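As structure tokens, the structure follows; a few thoughts come after it.
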Amino acid sequence: MRKKIAAGNWKMNGLKADIQVVEEIAKAAKGKRVECFLALPASLLASAPKEIATAGQDCHAQPKGAYTGDISAPMLADAGAQFVILGHSERRMYHKETNEEIAAKVMAAWQSGLTAVICIGESEDEYRAGKTLEVLGQQIKGSLPPGATAQNTIIAYEPVWAIGTGLTPTNDEIEKVHAFIRDKLPNQDFSILYGGSVSPKNATEIFALGDVDGGLVGGASLNAESFSAIINALEDSL
Ligand code: PGA
């Protein structure tokens, strides 16, 4: 059974004072049939209320060692996280993460009992050149290790040009891409989230699309009101 998931990605945003926003989102998520979690900055994971599930935004492939500034999967689990986002386009871009490195991180996440949220997506140039499916095929092949199941892995399709821009692919494009991704996965049970400028305005429409099992939401998850509206839109789609 494919799970419906509303996930927030706070990126490098949030101070202690913002735990209040997390609490409000936890209230909105309470009693819902859809799953909700927030990928908080590592500094906030341990202080997040237990009522909402949390995620790390990256982890190292090694469990510990001399890697200044990095965080490991056992550390995220120790801080209370149940999920970890891996291979986000901002990591691929600014930290030059390769598919191979991402696959190693995914295996590290599984070893610590974390569910890996593997992000894939084409750049604007690749989109314009009509290479979307080719790029996604390579990313899936390279960053999804053997052993991936619908229990230990979630896929997030995030076109790089749609992130934080207010732009989204057409509904038709989203459906085609999600069907393509599903076809490449080991079975039909994986949850495939759409990410990239999801907002309370477009959430209902996007969540109604075939093969879309929810959203990975950046900007709109920083505000309790807008993320709650997105959670409600997903709940209403059931
Ligand atoms: P956005 O970010 O919703 O702000 O476009 C999505 C993401 O990068 O996960």
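Heavy-atom basis, side chains included; hydrogens, waters and symmetry copies ignored. Note that ligands are numbered from 1 as they come in the structure, with each ligand's atoms numbered from 1 the same way. Numbering starts at 1 and runs along the sequence shown. Predicted, not measured: the structure shown is a model, and the values here were computed from it.
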Note: heavy atom closest to atom 5 (O) of ligand 1, options S89, G218, G164, belongs to G164
Any nitrogen or oxygen of T165, main chain or side chain, under 3.5 Å from a nitrogen or oxygen of ligand 1? no
Give yes or no for whether the N/O distance cutoff of 3.5 Å, strictly under, is met between H88 and ligand 1. yes
Assigning hydrophobic clusters by single linkage (Ile, Leu, Val, Met, Phe, Trp, Tyr; side-chain heavy-atom cutoff under 4.5 Å), is L45 placed with F227? yes
May I ask you to identify the nearest protein heavy atom to atom 9 (O) of ligand 1, giving residue, atom name and distance to one decimal place in Å? E158 OE2, 2.7 Å
Between N99 and Q138, a side-chain donor and acceptor under 3.5 Å: no
Is it true that E97 and K105 have a side-chain N and a carboxylate O under 4.0 angstrom from each other? yes
Checking side-chain polar atoms at under 3.5 Å, does W161 have a donor or acceptor matched by the opposite partner on E122? yes
Starting from atom 4 (O) of ligand 1, what is the nearest protein heavy atom, named by residue and atom, and what distance separates them? G219 N, 2.8 Å
Give the ring-plane orientation class for H178 versus Y194, where under 30° counts as parallel, over 60° as perpendicular and anything between as tilted. tilted
Tell me whether E235 contacts the main-chain N or O of K32 through its side chain, where contact means a donor paired with an acceptor under 3.5 Å. no
Counting heavy atoms under 4.0 Å, the part of I163 that contacts ligand 1 is both
Yes or no: does S197 have any heavy atom under 4.0 Å from an atom of ligand 1? yes
Counting only nitrogen or oxygen atoms and a 3.5 angstrom limit, does G196 reach ligand 1? no
Give a yes-or-no answer on whether the side chains of H88 and E158 include a donor-acceptor pair shorter than 3.5 Å. yes
For ligand 1, which atoms, with element, lie under 4.0 Å from some heavy atom of K11? 2 (O), 7 (C), 8 (O)
